[in-house]
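Working notes for the structure below.
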Number of protein chains: 2
Amino acid sequence: MPAKQSRKPLAGDDPSDYDQPSVTVDLVLLTVREGQLHVLLIRREAKPFAGRWALPGGFVRIEESLTAAVRRVLREKARLTGIFIEQLYTFGAVKRDPRTRVITVAYYALVSEGQLIRAIGQSADLARMPVHVAWQGEAGGQAEVRGPGGKPVRLAFDHKEILGMAVKRLRGKLDYSPVGFELLPETFTLRQLQQVHEAILDVKLNKPAFRRRMLDKGVLQATGRRETGVTYRPAELYRFVDAAGSNNREEN
Amino acid sequence: MPAKQSRKPLAGDDPSDYDQPSVTVDLVLLTVREGQLHVLLIRREAKPFAGRWALPGGFVRIEESLTAAVRRVLREKARLTGIFIEQLYTFGAVKRDPRTRVITVAYYALVSEGQLIRAIGQSADLARMPVHVAWQGEAGGQAEVRGPGGKPVRLAFDHKEILGMAVKRLRGKLDYSPVGFELLPETFTLRQLQQVHEAILDVKLNKPAFRRRMLDKGVLQATGRRETGVTYRPAELYRFVDAAGSNNREEN
DNA sequence: GCAATAGTGTCTTTCAGACACTATATC
DNA sequence: GATATAGTGTCTGAAAGACACTATTGC
């Protein structure tokens with residue numbers, strides 16, 4: 001029972017009457033590379049779990065909103081700004097951090113492959129690793145991360161659970177929200193978009209049906225330009241145009 | 001800048017290096033009555049917002065998980081146990097509580113009309129009020145609560161926003177998850193189930209299509225009994241049977 | 001022309017909406 | 001029998017899956 005932050009243990013409706021849990025944010029930064037989901041991980045230096053791979057995160061400061069804390073973590077640890085983030089879930093099991101009571105508000109962020117590669121740069125403490133989340137069965141909903149040698153990587157804290165939830169959330173939102181576009185560069189081909197969907201959902205999709213569905217949504221704008229550097233017929237490049245409904249409050 | 005909880009202002013990766021925000025849980029308890037969604041509200045006695053109606057809530061204690069805190073609030077304020085709860089969203093805007101920095105983890109709970117009536121009992125500080133959330137337009141996604149006289153009620157803090165998000169979440173989950181059954185008693189008719197769906201979605205649904213969809217899911221068990229006390233042909237009573245996939249971890 | 005992928009036309013299947021019909025309870 | 005709602009049969013239309021076909025690029 002860590003009681004190092006003791007204050008008066010009185011009952012009541014005032015925040016300072018009780019010991020308070022600490023609050024952190026943790027970030028699941030995802031991208032799609034070669035048809036597979038990848039996550040950004042950081043190697044922990046300090047205890048607990050020193051040496052283990054973990055999701056980037058940090059404490060929420062007293063005059064900092066949750067999204068501001070996430071953006072600060074993103075800036076400090078991965079030198080990334082202006083990317084898509086969304087709140088995932090808040091994890092508050094009493095023993096999830098062996099030190100003291102820590103409640104973490106998890107967010108997920110989506111970037112294109114190129115952005116993630118630039119973010120990692122030469123750092124030895126940052127890595128992108130492939131993630132696989134089974135739909136059901138023995139490992140139903142459990143995230144599996146594989147390291148360079150292809151062998152499973154154990155994450156710090158409850159980060160495996162957080163990662164699994166992020167992938168499941170992404171799967172759920174893919175159909176009815178434009179999250180898929182956040183994983184691609186500014187312009188992209190329909191084939192790339194389909195590969196992103198296939199990587200997230202872990203299924204093969206029907207080409208004509210996929211094209212119809214996407215084009216019928218009315219959020220894709222043909223650029224008139226085509227991809228370059230391919231040896232076959234180059235595909236049209238599209239751009240995502242938000243269908244007026246950009247309800248980003250962004251103050252939490 | 002409330003600095004009443006000052007500790008050493010050092011930098012670092014230790015939770016006690018900074019002032020920490022307080023953490024509360026807030027609860028959106030919903031039911032359907034007479035074809036309309038209703039929410040449980042509690043009249044605040046203390047400042048801030050004394051006298052205003054608010055969502056029930058309370059501080060999270062140091063050795064209490066988030067769900068444990070919600071269940072305690074539910075027990076202490078509405079004498080309800082064993083009901084469906086699910087985490088909604090975490091609200092952490094810096095100024096959302098005028099006293100100090102308070103981050104709240106919002107949950108929603110679903111009960112049948114009878115359970116809510118029993119919960120309120122004779123208390124004058126508890127009330128159930130109808131909620132309406134427009135799909136779009138001027139008031140898109142904004143929750144509107146009406147009091148006894150039919151006039152709009154202003155809620156404390158950012159609770160209007162929390163309530164709006166709860167209704168939208170419920171709408172989103174209604175189709176692919178069994179949340180609708182949580183708003184009905186143990187046994188119910190298909191007509192009641194349809195009315196619940198219509199109240200949440202705020203649309204009229206097609207009867208044959210609704211019946212087919214529900215029965216095809218395979219989670220409804222006919223009891224062989226029929227409703228009583230009606231002057232017309234009584235409908236079959238059904239029971240919800242969980243289709244094996246009850247993944248309730250419940251430790252956050 | 002060959003290889004490889006882009007992009008399309010169309011048939012089939014599935015399922016929701018609409019509507020009308022039959023069934024069965026109370027009075 | 002009148003009334004009111006329960007419950008069903010069937011037509012239609014929208015959209016996804018399957019499959020084959022045409023189009024266009026580099027070499």
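Within every chain, numbering begins at 1; the chains are lettered A, B, ... in the order of the sequence lines, protein sequences first and strands thereafter. Values in this document were obtained by computation on a predicted structure and should not be read as measured data.
In this structure, CZ of A:Arg225 is placed 16 Å from P of D:dT25, rounded to the nearest angstrom. Residue B:Met214 contributes atom CE, which lies 11 Å from atom P of C:dG17 at whole-angstrom precision. Atom-to-atom, CD of A:Glu236 to C1' of C:dG7 comes out at 11 Å; the value is rounded to the nearest Å. Distance A:Glu227 CD to D:dG26 C1': 13 Å, rounded to the nearest Å. The distance between atom CZ of A:Arg191 and atom C1' of D:dT25, rounded to the nearest whole Å, is 17 Å.
When distances run from any side-chain atom of B:Pro234 to the nucleotides C:dA25, D:dG7, C:dT5, the shortest one goes to C:dA25.
Taking the side-chain hydrogen bond (donor to acceptor under 3.5 Å, both in side chains) definition, one finds that B:Arg226 meets it with nothing, sequence neighbours left out. For the side-chain hydrogen bond (donor to acceptor under 3.5 Å, both in side chains) test, no residue two or more places apart in sequence or in another chain qualifies with A:Arg169. The side-chain hydrogen bond (donor to acceptor under 3.5 Å, both in side chains) search around A:Asp202 returns A:His132, not counting sequence neighbours. The salt bridge (Lys or Arg N to Asp or Glu O under 4.0 Å) search around B:Arg233 returns none, not counting sequence neighbours. Contacts of B:Arg146 classified as salt bridge (Lys or Arg N to Asp or Glu O under 4.0 Å), with partners at least two apart in sequence or in another chain: B:Glu144. Not a single side-chain hydrogen bond (donor to acceptor under 3.5 Å, both in side chains) links B:Asn206 to another residue, sequence neighbours left out.
No donor-acceptor pair under 3.5 Å is formed between the side chain of B:Glu161 and the backbone N or O of B:Asp158. Using a distance-only test at 3.5 Å, with no hydrogens or angles considered, no donor-acceptor pair links the side chain of B:Gln221 to the main chain of B:Phe240.
Note on residues 148-174 of chain A: pairs passing ring pair (Phe, Tyr, Trp, His ring centres under 6.0 Å), not counting sequence neighbours, are A:Phe49-A:Phe157, A:Phe157-A:His159. For residues 172-199 of chain B, the set of pairs meeting the side-chain hydrogen bond (donor to acceptor under 3.5 Å, both in side chains) definition, not counting sequence neighbours, comprises B:Glu86-B:Lys173, B:Asp175-B:Arg213, B:Glu186-B:Arg239, B:Gln194-B:Glu198. The side-chain hydrogen bond (donor to acceptor under 3.5 Å, both in side chains) contacts involving residues 30-40 of chain A comprise A:Arg33-A:Glu113, where partners must be two or more places apart or lie in separate chains.
Near DNA chain C, meaning a heavy atom under 4.0 Å away, there are no residues from residues 172-180 of chain A. Residues from residues 192-204 of chain B lying near DNA chain C, meaning a heavy-atom separation below 4.0 Å, are absent.
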>> Strictly under 4.0 angstrom, non-hydrogen atoms only: write out the protein contact profile of nucleotides 12-22 of chain D, one letter per nucleotide from the 5' end, B, S or -.
In response: ----BBBB---
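Proximity of A:Arg226 to the phosphate of C:dG7: a side-chain N or O atom is located under 4.0 Å from OP1 or OP2. Regarding contacts with the backbone of C:dT8, a side-chain N or O of A:Arg211 is found under 4.0 angstrom from either OP1 or OP2.
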